[in-house]
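Note that the structure is predicted; figures quoted are calculated from it, not measured.
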Amino acid sequence: MSRRAPSRGQDMLAFAAQLYPICRSISGAGVRHTLKLIRERIPLRLHEVPSGTQAFDWQVPLEWNIDDACVLDPHGQRVVDFKAHNLHIVSYSEPISMDLPLAELKTRLHAHASHPDWIPYRTSYYRRNWGFCLPRRQLDTLAEGRYGVRIASSLARGSLSYGEFVLPGRRREEVLLFTHICHPSLANDNTSGMAVATALAAWLAQTPRRYSYRLVFAPGTIGSLVWLKRNEKSLARIRYGLVLGLLGDSAPLTYKCSRQGQSEIDRLAPYALRGLDPGSRTLPFEPYGYDERQLCSPGFNLPIGRLTRSVNDGYPQYHSSGDDLGILSAASLEQSLEACQRIVQAIEDSRHYINVLPKGEPRLGKRGLYGTVGGQSPAARELARLWVLNQSDGAHSLLGIAERSQLPIDELTTIAAELTAAKLLRLKADPKPARGRSAVQSPRRSRAKR
Ligand code: ZN
């Protein structure tokens, strides 16, 4: 799992740079353009959900598109120009053309609270509004006079777009990977997540796998709510999941637990991250963040954590023009992708075995199972064999054995294969996959309610 191709990080960085200038929002041309670029790399299935569609307590809003926006100073000069940076416009600003005095205009202007040179990121999806964002330094220099505001946008019945990439495995049970695609020119949040998720999908597609994998690229909040609404009957298939985001900055790899806190992904992900970076962090669940807010709401309570580096609002440039491509690095993106791959591999490897000679220790010597293999000392190898044999009563997965023995799961996987070949171990059959609606009552998962 530690194969490293340095160009992968560079490729993700280049893709993030390609996605960065697009003016995304929770609907409209920017999201479609983004999905089109992702689709050039992986076979994404596109979905359009009409405005007005109900998703639990929420509704798909009108579709927003924008061609141009500016503030004109008293001399008619464009002093705030959407064409220069798409963060200058409050996302979902309604169309407007009017002139007004500076004092009145200022009630519509937003500057960053602490950094005078950054443009803040502001949205108003669910309340009709308009406004501009600009650096504090510029705001403070605006002279008195009458200003013009021109916003060539549209709010009209249309649809919300999202993309889905499904890789059927040998089991119908699924690993759900979710990333938001609604932020305009912000690099770590969220071009990094899109770049890593796209690369992960391409990697997953190379090899047939035990579990089925589903990657969803959707606008934050309303996108996951719509997805949950449309997939409510098949949620019981989800055995593991990750929300992916903020994966390109220099903060350490961070896993945020699911609401369940003790689900298998909550044990497995921190374990996989520690193997890659001893400085990685695990954080408890909190009802703040990205789409885990919906996926882990009590009515779903899915076993889905979040893989991130910085947490939201956890770095100074968060939600401002300071979150530009300069804070991404190929090495961080590469390591984030590798973290995803290790988690996937741990999910695939965490199987249950049964010791077929459980009464006493089997004699390893007469089966040729002593000696140095793969550079390990015979003692270490033997200890790993003893752990696997001792714990393989069908109740303990390789993950559980790895946790208890403090041995790497990939090493235990190799040992289990070797012991299986020696007819000392047999693989416990996977439980029959959950199917359709009846799966809702599956005892495998504890669900708060349906
Ligand atoms: Zn954000």
Test item: Ser332 side-chain N/O and Ser329 main-chain N/O as donor-acceptor pair under 3.5 Å: no
Residue pair Gln391 / Arg404, side-chain donor-acceptor N/O under 3.5 Å: yes
Backbone of Gly131 reached by a side-chain donor or acceptor of Ser93 within 3.5 Å: yes
Ring geometry between His112 and His115 (parallel below 30°, tilted from 30 to 60°, perpendicular above 60°): perpendicular
pair Tyr121-Val90: side-chain heavy atoms closer than 4.5 Å: no
Phe178 and Trp227 aromatic ring geometry - parallel, tilted or perpendicular at 30°/60° bounds: perpendicular
Side-chain (Ser405) to main-chain (Ile401) donor-acceptor, under 3.5 angstrom: yes
Distance-only side-chain donor-acceptor flag, Arg237 / Asn231, under 3.5 Å: no
Crowding at CZ, Arg41 (>12 non-hydrogen neighbours, <6.0 Å): yes
Ser336/Leu253 under side chain to side chain contact (heavy atoms under 4.5 Å, CB included): CA gap, chis, key distance, verdict: CA-CA 7 Å; Ser336 297; Leu253 287 167; 4.0 Å; yes
Donor-acceptor contact present, side-chain Glu173 to main-chain Arg171, <3.5 Å: no
Ring geometry between Tyr92 and Trp64 (parallel below 30°, tilted from 30 to 60°, perpendicular above 60°): parallel
Between OG on residue Ser185 and CG on residue Leu19, distance to nearest 0.5 Å: 10.5 Å
Closest non-hydrogen atom pair between Ser320 and Leu186, with its separation: O-CD2, 3.1 Å
Minimum-distance pair of heavy atoms, taken over all atoms of Cys182 and Gly220: SG-N, 3.2 Å
Lys/Arg cation over aromatic Trp203: Arg342, 6.0 Å, 45° cone: no
Minimum heavy-atom distance Thr179-Ala197, with the two atoms named: CG2-CB, 3.9 Å
Closest non-hydrogen atom pair, Leu307 against Cys340: CD2-SG, 3.6 Å
Verdict with reasoning, Glu411 to Arg381, per salt bridge (charged side-chain N to carboxylate O under 4.0 Å, His left out): CA-CA 9 Å; Glu411 185 183 327; Arg381 188 92 180 166; 5.8 Å; no
From CG (Leu37) to CD1 (Ile181), nearest 0.5 Å: 11.0 Å
Member of Arg214, Arg239, Arg210 meeting the salt bridge (charged side-chain N to carboxylate O under 4.0 Å, His left out) criterion with Glu174: Arg214
Side chain to side chain contact (heavy atoms under 4.5 Å, CB included) assessment of Arg267 paired with Leu399: CA-CA 8 Å; Arg267 294 164 54 203; Leu399 169 65; 4.0 Å; yes
Salt bridge (charged side-chain N to carboxylate O under 4.0 Å, His left out) between Arg127 and Glu94, intermediate numbers included: CA-CA 10 Å; Arg127 189 170 67 86; Glu94 58 188 347; over 6 Å; no
Backbone of Leu389 reached by a side-chain donor or acceptor of Ser392 within 3.5 Å: no
Intermediate values then yes/no, side chain to side chain contact (heavy atoms under 4.5 Å, CB included), Asp410 and Gln345: CA-CA 8 Å; Asp410 52 352; Gln345 201 56 53; over 6 Å; no
Side chains of Gln294 and Ser224, donor plus acceptor under 3.5 Å: no
Which atom of Leu35 lies closest to which atom of Leu46, heavy atoms considered: CB-CD2, 3.8 Å
Cation-pi geometry met for Lys256 and Phe285 (6.0 Å, 45°): yes
Lys/Arg cation over aromatic Tyr255: Arg281, 6.0 Å, 45° cone: no
Centroid separation His180 to Tyr290 less than 6.0 Å: yes
Backbone of His319 reached by a side-chain donor or acceptor of Asp323 within 3.5 Å: no
Rounded distance [0.5 Å steps], CG in Leu13 versus CG in Leu333: 6.0 Å
Verdict with supporting geometry, Glu292 and Arg259, salt bridge (charged side-chain N to carboxylate O under 4.0 Å, His left out): CA-CA 9 Å; Glu292 66 270 25; Arg259 180 177 180 273; over 6 Å; no
Min side-chain heavy-atom separation Arg293-Pro287 under 4.5 Å: no
Selection residues 16-25 - residue pairs positive for side chain to side chain donor-acceptor pair (under 3.5 Å), sequence neighbours left out: Arg24-Thr34, Ser25-Ser91
Whether Tyr162 and His47 hold their rings parallel, tilted or perpendicular, with breakpoints at 30° and 60°: parallel
Working for side chain to side chain contact (heavy atoms under 4.5 Å, CB included), residues Arg170 and Arg209: CA-CA 6 Å; Arg170 294 193 293 280; Arg209 295 180 192 279; 5.8 Å; no
N/O donor-acceptor pair under 3.5 Å between Asp266 side chain and Gly261 backbone: yes
Flag, side chain of Arg309 to backbone of Asp249, donor-acceptor distance under 3.5 Å: yes
Exam field: side chain Ser258 to backbone Pro303, donor-acceptor pair closer than 3.5 Å: no
Arg32 and Glu48 ion-paired at < 4.0 Å: yes
Any donor-acceptor N/O pair, Ser212 side chain to Gly169 backbone, under 3.5 Å: yes
Any donor-acceptor N or O pair under 3.5 Å, side chains Ser51, Glu63: no
